[in-house]
Amino acid sequence: PWAISTPKMAPMSVLCMAGGGFRAQSVDTGLMVGMLAFLGQEQKSKAPTLEGTGLLGGFSSFSTNSGSSWFFSELAYSSRFTGLVESMAK
């Protein structure tokens with residue numbers, strides 16, 4: 001007889017962002033600003049940041065394509081764009 005043991009896995013949360021060119025990039029920006037503003041209110045922060053709220057740390061994985069890839073790349077590699085998103089969440 002074979003004994004199969006399966007490790008207990010933690011629940012996973014995946015953020016999937018669809019494509020659509022510039023419209024997707026705009027919608028993703030609004031979505032991120034909204035989630036950041038919500039967490040800022042919950043944490044009673046006047047100036048919520050992505051790092052300070054731990055917003056992206058709540059996801060196990062990210063999946064993007066097309067315009068959403070543009071958005072996520074800017075968020076990851078452009079401190080100026082990240083600052084813009086964070087300032088919109090105030």
Side-chain angles (χ1 to χ4, degrees):
W2 292 89
I4 300 174
S5 86
T6 55
K8 292 185 179 182
M9 302 284 289
M12 293 180 63
S13 296
V14 178
L15 179 62
C16 298
M17 303 169 100
F22 184 73
R23 277 182 283 175
Q25 188 175 17
S26 300
V27 168
D28 294 347
T29 301
L31 174 66
M32 193 64 62
V33 167
M35 290 191 300
L36 191 56
F38 174 78
L39 284 175
Q41 288 178 349
E42 290 290 308
Q43 297 173 0
K44 298 184 183 354
S45 172
K46 292 182 182 178
T49 63
L50 290 169
E51 187 175 345
T53 59
L55 173 61
L56 297 178
F59 296 100
S60 305
S61 184
F62 305 97
S63 176
T64 64
N65 69 334
S66 188
S68 292
S69 295
W70 301 341
F71 165 78
F72 217 75
S73 294
E74 275 193 291
L75 198 63
Y77 297 108
S78 172
S79 58
R80 185 175 176 192
F81 183 72
T82 300
L84 173 65
V85 169
E86 291 173 343
S87 70
M88 292 169 64
K90 292 180 184 177

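For clarity, every value in this text was computed on a predicted model and none was experimentally measured.
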Do you know the tightest heavy-atom contact between [X] and [Y]?
X: Ala89; Y: Ala37; result: O-CB, 3.6 Å
X: Phe59; Y: Val14; result: CD2-C, 4.0 Å
X: Ser66; Y: Gly20; result: OG-N, 3.7 Å
X: Pro48; Y: Ser45; result: N-OG, 3.4 Å
X: Asn65; Y: Ser69; result: CA-OG, 3.2 Å

For Phe38, look at atom CZ and say whether over 12 heavy atoms of other residues, nucleotides or ligands are found less than 6.0 Å away.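 Open.
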Over 12 foreign heavy atoms within 6.0 Å of CZ, Phe62: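 Yes, CZ of Phe62 has more than 12 neighbouring heavy atoms, counting only those of other groups under 6.0 Å.
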Taking the side chain as every heavy atom from C-beta outward, state whether Leu56 and Glu51 have any pair of such atoms under 4.5 Å apart.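 No. Closest side-chain heavy atoms not under 4.5 Å.
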Pairwise side-chain contact, Phe71 with Met32, heavy-atom cut-off 4.5 Å (strictly under):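 Heavy-atom side-chain distance check passes, below 4.5 Å.
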If you measure from [atom1] on [X] to [atom2] on [Y], what distance do you get to the nearest 0.5 Å?
X: Met17; Y: Asp28; atom1: CE; atom2: CG; result: 3.5 Å
X: Leu50; Y: Leu39; atom1: CG; atom2: CG; result: 10.0 Å
X: Leu31; Y: Ser26; atom1: CG; atom2: OG; result: 12.5 Å
X: Thr49; Y: Leu55; atom1: OG1; atom2: CG; result: 10.0 Å
X: Met12; Y: Ser60; atom1: CE; atom2: OG; result: 4.5 Å

Please tell me whether Phe72 and Val33 are part of a single hydrophobic cluster in this structure, the criterion being side-chain heavy atoms less than 4.5 Å apart.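 Phe72 and Val33: one cluster.
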Option from Lys90, Gln41, Glu86 for which side-chain contact (heavy atoms from CB on, under 4.5 Å) with Leu36 holds: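 Going through the options one by one, the only one that passes is Glu86.
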Quick one: side chains of residues 74-81, donor-acceptor pairs under 3.5 Å with protein atoms, not counting sequence neighbours, listed by atom name and distance.
residue	atom	partner	partner atom	Å
Glu74	OE1	Gln25	NE2	2.5
Ser78	OG	Phe81	N	3.1

